[in-house]
K.L.:
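Pasting in a structure now, in structure tokens, and then I'll have a few things to ask.
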2 protein chains.
Amino acid sequence: MARIAGSSGPRTEEAIRRAGLSLIATHGYAAMSLRQLAAEVGIQQGSLYNYFRNKQEFLFDLIRGHMLDLHAALDAALLPEGSAEARLTRFTEFHVAYHVERPQEVFICYSELRSLEPDNLAAVVAMRRDYERKLGEILDDGRATGEFHLADTRMATLAILAMLSGICTWYKPGGRLSTDGLQEIFTGMVLALARGETQALARGEAAETVAVPARRRGALRAGIG
Amino acid sequence: MARIAGSSGPRTEEAIRRAGLSLIATHGYAAMSLRQLAAEVGIQQGSLYNYFRNKQEFLFDLIRGHMLDLHAALDAALLPEGSAEARLTRFTEFHVAYHVERPQEVFICYSELRSLEPDNLAAVVAMRRDYERKLGEILDDGRATGEFHLADTRMATLAILAMLSGICTWYKPGGRLSTDGLQEIFTGMVLALARGETQALARGEAAETVAVPARRRGALRAGIG
DNA sequence: GTCTATAGAGAGATAGAC
DNA sequence: GTCTATCTCTCTATAGAC
């Protein structure tokens with residue numbers, strides 16, 4: 001990635017941001033060296049410190065910035081009123097579109113929580129709780145009105161978010177499905193899940209206990225040492 | 001973690017395995033140093049090389065070993081015949097139980113794929129494809145028999161696996177729900193999702209385009225430099 | 001099989017010239 | 001704002017005594 005010599009602060013900052021997102025999403029925060037990052041941007045490693053105080057702060061800025069964007073975008077997209085089904089549909093459409101639009105940032109926000117120092121982690125977790133709460137309220141409302149039949153709205157919240165957020169682990173631009181197509185398919189699945197009401201039927205048919213066998217022995221390379 | 005001095009190969013091996021799972025699940029492969037690992041086991045860092053040739057091989061052994069266990073356990077648990085609903089129920093019960101039983105290993109198998117070298121990654125991805133295929137066949141069969149009404153069975157496969165595998169990111173032993181309780185709740189949600197058939201209803205109500213706003217400017221720390 | 005000691009490479013971060 | 005140079009630390013991996 002060649003670079004025009006000379007000063008160009010804002011452009012450099014944006015280039016660092018983009019290169020960082022890409023490198024962290026691909027290799028992980030701990031595995032990305034600042035030398036790699038600088039090379040990708042086309043500057044020297046020491047110059048990075050004009051843009052952050054240390055590597056941890058860089059990660060936190062990326063994640064916090066994304067969370068702020070996400071919340072602002074969600075608040076703008078959500079329906080303030082309407083049926084729970086309509087609101088859940090809107091939530092799902094938004095969530096899918098956002099994940100398709102910025103898969104790297106979303107992925108990092110899940111996968112690099114472990115790399116945040118305690119204070120930074122706490123700040124991000126609080127924002128994430130808030131996001132979960134907004135979905136949880138829709139599900140609770142829908143259960144109260146009888147639109148949804150969920151055994152456990154907290155589990156449903158986690159299940160729906162995991163299902164939708166999984167998109168950023170496999171989505172590639174230019175794939176078989178458009179954003180619209182993905183929204184329609186996932187909206188259908190989420191609504192079906194929330195409407196539920198048929199939980200008990202099939203379970204009796206296969207309700208023997210499913211045991212998980214014990215771990216194999218000698219897991220590490222046999223024959224060494 | 002104190003240790004009885006002297007030789008004890010098999011016990012040391014198991015201790016390394018367990019400490020490695022814990023450290024990698026907590027901090028990640030790249031962030032775990034072999035000094036940390038050795039300290040956790042109670043041996044010196046150089047001694048680890050009696051148990052693996054290098055750090056990468058250690059990771060691959062952990063992941064491959066887990067995938068072998070997982071496949072063997074799934075094959076033992078799956079119903080060879082029966083309705084698609086019964087087979088999907090059984091699949092879900094198994095998957096939930098396995099994730100509750102070994103959350104660390106499962107988590108590593110998702111989160112550390114990025115840390116595998118190309119050949120090792122290819123081997124693991126192939127095993128994972130096989131696992132997805134087994135779920136995909138159940139969904140296809142159910143759609144053929146009319147038990148399931150899914151717009152896209154490939155998306156449903158990914159969605160169900162993401163939803164179930166998310167368990168290992170938040171499950172802690174001794175929580176509010178037992179394994180049985182989780183199996184029942186998740187089986188209910190998976191079956192409701194698969195039965196579907198109501199996709200188009202609510203969508204018209206909230207079908208305006210949901211736009212994702214542009215990225216904020218100045219994402220990195222303002223005012224530095 | 002475990003230990004001590006160390007080689008050799010690469011990491012994050014800083015200083016000062018331009 | 002960027003560069004070169006370097007400090008200091010930690011990392012993986014190896015060698016050889018016991």
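A, B, ... follow the sequence lines: proteins, then strands. Residue 1 opens every chain. All heavy atoms count here, side chains included; hydrogens, waters and symmetry mates do not.
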K.L.:
Looking only at side-chain atoms of A/I43, point me to the closest of D/dC3, C/dA13, D/dA13.
P.N.:
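For the A/I43 side chain, the nearest candidate turns out to be D/dC3.
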K.L.:
In whole angstrom, give the distance that lies between atom CE of A/M32 and atom P of C/dA13.
P.N.:
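Interatomic distance, CE of A/M32 to P of C/dA13: 11 Å.
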K.L.:
Can you check whether A/S165's main-chain N or O pairs, donor with acceptor, with A/Y110's side chain at less than 3.5 Å?
P.N.:
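Not at all, since once roles are kept as given, no pair shorter than 3.5 Å links the two residues.
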K.L.:
Once you round it to whole Å, what is the distance between P of C/dA5 and CG of B/L34?
P.N.:
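After rounding, the gap between these two atoms is 20 Å.
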K.L.:
More than 12 heavy atoms of other residues, nucleotides or ligands under 6.0 Å from CG of B/D75: yes or no?
P.N.:
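Yes, the 6.0 Å shell around CG holds more than 12 heavy atoms from other groups.
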K.L.:
Quick one: does A/R35 reach the base of C/dG12 with a side-chain donor-acceptor pair under 3.5 Å?
P.N.:
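Such a pair is found, so the answer is yes.
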K.L.:
Starting at atom NZ of B/K55, determine the distance to atom C1' of C/dA9, rounded to an integer number of angstrom.
P.N.:
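The distance from NZ of B/K55 to C1' of C/dA9 comes to 15 Å, rounded to the nearest Å.
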K.L.:
OP1 or OP2 of D/dT2 sitting under 4.0 Å from any side-chain N/O of A/Y51?
P.N.:
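Answer is yes, contact under 4.0 Å.
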K.L.:
Would one find a side-chain N or O of A/S33 under 4.0 angstrom from OP1 or OP2 of C/dA11?
P.N.:
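Yes, because at least one side-chain N or O of A/S33 sits under 4.0 Å from OP1 or OP2 of C/dA11.
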K.L.:
Rounded to whole Å, how long is the line connecting atom CG of B/L48 with atom P of D/dC11?
P.N.:
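Between P of D/dC11 and CG of B/L48: 13 Å.
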K.L.:
Determine whether the aromatic ring centres of A/H95 and A/Y131 lie less than 6.0 Å apart.
P.N.:
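Yes.
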K.L.:
Please report, rounded to the nearest Å, how far the P atom of D/dT12 is from the OH atom of B/Y29.
P.N.:
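Distance check: B/Y29 OH to D/dT12 P gives 8 Å.
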K.L.:
Looking at B/E105 and B/R17, what are the two nearest heavy atoms and their distance?
P.N.:
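Between these two residues, the closest heavy atoms are OE2-NH2, 2.9 Å.
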K.L.:
Just N and O in the side chain of A/Q44: are any of them under 4.0 Å from OP1 or OP2 of D/dT4?
P.N.:
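Yes, A/Q44 has a side-chain N/O under 4.0 Å of OP1/OP2 on D/dT4.
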K.L.:
In this structure, how many angstroms lie between the P atom of D/dT12 and the CG atom of B/L23, rounded?
P.N.:
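One finds 12 Å between P of D/dT12 and CG of B/L23, rounded.
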K.L.:
Rounded off to whole Å, could you give me the CD-to-P distance for the A/Q45 and C/dA11 pair?
P.N.:
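Distance check: A/Q45 CD to C/dA11 P gives 9 Å.
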K.L.:
Rounded to whole Å, please give me the gap between OH in A/Y49 and P in D/dC7.
P.N.:
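Spelled out: OH on A/Y49 to P on D/dC7 is 17 Å.
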K.L.:
With distance as the sole test, does A/E112 use its side chain to make a donor-acceptor pair with the main-chain N or O of A/I108 at under 3.5 Å?
P.N.:
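Answer holds: no.
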K.L.:
Are any of B/T12's side-chain N or O atoms less than 4.0 Å away from OP1 or OP2 of C/dT2?
P.N.:
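Result: yes.
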K.L.:
With respect to the phosphate group of C/dC3, does any side-chain polar atom (N or O) of B/S47 fall under 4.0 Å of OP1 or OP2?
P.N.:
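Checking C/dC3 against B/S47, a side-chain N or O does come within under 4.0 Å of OP1 or OP2.
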